[in-house]
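Only one structure is covered here, and it is reproduced in the block below.
Nothing here was measured: the structure is a model prediction, and the numbers come from that model. Order of the sequence lines sets the chain letters (A, B, ...), proteins ahead of strands, with each chain counted from 1.
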Protein chains: 2
Amino acid sequence: MSTGTDGTPDGARAVAAALVTAAAVTAAPVTAQDRARCPATAVLHRIGDRWSVVLICLLAERPRGYNELDRAVADLSRRVLTRSLRTLEAEGYVRRTARPGPPYRVEYALTGLGESLHAAVRELGEWAAAHDGGPREG
Amino acid sequence: MSTGTDGTPDGARAVAAALVTAAAVTAAPVTAQDRARCPATAVLHRIGDRWSVVLICLLAERPRGYNELDRAVADLSRRVLTRSLRTLEAEGYVRRTARPGPPYRVEYALTGLGESLHAAVRELGEWAAAHDGGPREG
DNA sequence: CAGTATCCGACACGATACTG
DNA sequence: CAGTATCGTGTCGGATACTG
């Protein structure tokens, strides 16, 4: 494994460098600010919420309209659907395209970044599937 | 890419199969139950919470005691620290070893599954670092 | 050292009704 | 079709004090 100028493993720095640097590399405790500064934090927070990953998976298939998404996901209120889409858009994962009407039409689609995230999440999903109910070794 | 018996891409099934199967593969909407049944959901929920990943990173370095962890992470209440560790233990990522005292001593360490998760999360962290502030296309 | 007990605020999410 | 407004609820997380 390669190392940085300070001898810290480069691999570790990706998630740890900003998330855990202080404590992992030095003796200083990790603060909430350290965590906030880590690029991984936003991503983890996003994929950790209830419906974002589902929406990303749906949009990975093909672009969809608002009501189409609403129908595609039961148990998801319009309020939350709207907010989730807005957040995904703000973070660059989803592109919203409005075509003035009538007939009025809005389309949601993944951006390149969104597709990239989808691939990354799928990797994690495969890990989860592989270890589901499997290893219970101490 | 290989396909399942129904023509669904195997890769997609890992995260999508249980998370989005219904809507992605058929026309039926995704329900909260579909989501709950997906093996990825628990993992996403775990790494999505505020401190679990930080704890995993710290324990990936070396096993630590309770107060040691408490000191290593500022802005983390003992109440939450305890609950996070209990959850990580219940899900098989962390092993708790108590040595009766005095002097009393409890040690927390990653299990094999925990180390595996740490590696998976680090991959995601590298993805996040690579795309941080980068692509604003689309 | 390794926790528990109690209280409280912030936020995510759900239900329902209404709008351009 | 594509949203917003309002309200209520549950869970997460923080502060503080106490215990074996």
- Under the 3.5 angstrom rule, does the side chain of Arg99(A) hit a backbone N or O of Pro103(A) as a donor-acceptor pair? yes
- How is Arg99(B) classified with respect to the nucleic acid when contacts are heavy atoms under 4.0 Å: base, sugar-phosphate, or nothing? nothing
- Item | Gap between atoms CG and C1', on Leu85(A) and dA12(C) respectively (whole Å) | 16 Å
- Query: In whole angstrom, what separates Glu89(B)'s CD from dA2(C)'s C1'?
  - Reply: 14 Å
- Just name whichever nucleotide pairs with dC1(D), Watson-Crick or G-U, keeping both distances under 3.5 Å, else none. dG20(C)
- Query: Counting just side-chain N and O atoms, does Arg86(B) come under 4.0 Å of either OP1 or OP2 of dA2(C)?
  - Reply: no
- Task: Using whole Å, report how far CZ of Arg64(A) lies from P of dA2(D).
- Result: 13 Å
Distances for protein N or O near nucleotides 12-14 of chain D N or O, under 3.5 Å:
residue, atom, partner, partner atom, Å
dG13(D), OP1, Arg50(B), N, 2.8
dG13(D), OP2, Arg83(B), NH2, 3.0
dG13(D), O6, Arg79(B), NH2, 3.3
dG14(D), OP1, Arg50(B), NE, 3.3
dG14(D), OP1, Asp75(B), O, 3.2
dG14(D), OP2, Trp51(B), NE1, 3.4
dG14(D), O6, Arg79(B), NE, 2.6

- Task: Find out whether Leu85(B) and Arg96(B) are in side-chain contact, i.e. whether some heavy atom of one side chain is under 4.5 Å from a heavy atom of the other.
- Result: no
- Between C1' of dA12(C) and CZ of Arg46(A), the distance in whole Å: 11 Å
- Message: Under 4.0 Å, counting only non-hydrogen atoms across every strand here, what does Arg71(B) touch: a base, just sugar-phosphate, or nothing?
- Response: sugar-phosphate
- Taken to the nearest whole Å, CG/Leu81(A) to P/dG14(C) is 11 Å
- Arg46(A) side chain to Ser52(A) main-chain N or O, any donor-acceptor pair under 3.5 Å? no
- Message: With no hydrogens and no angle check, just 3.5 Å: does a side-chain donor-acceptor pair link Tyr66(A) and Thr82(A)?
- Response: yes
- Whole-Å distance, Glu107(B) CD to dC1(C) C1', equals 14 Å
- Message: It should be established whether Tyr108(B) places a side-chain nitrogen or oxygen under 4.0 Å from OP1 or OP2 of nucleotide dG3(C).
- Response: yes
- Task: Measure from CG on Asp70(A) to P on dT4(D) and round the result to the nearest Å.
- Result: 13 Å
- Provide, to the nearest angstrom, the distance between the CD atom belonging to Glu68(A) and the P atom belonging to dA2(D). 8 Å
- Indicate yes or no for a side-chain donor-acceptor contact from Ser116(A) to the backbone of Gly112(A) under 3.5 Å, with no hydrogens or angles considered. no
- Quickly, which of Leu81(B), Leu69(B), Val80(B) forms a side chain to side chain contact (heavy atoms under 4.5 Å, CB included) with Trp51(B)? Name it, please. Val80(B)
- Query: Counting only N and O atoms by type, is there a donor-acceptor contact under 3.5 Å from the side chain of Asp75(B) to the main-chain atoms of Ala32(A)?
  - Reply: yes
- Query: So, is Tyr104(B) close to the dT19(D) phosphate, meaning a side-chain N or O under 4.0 Å from OP1 or OP2?
  - Reply: no
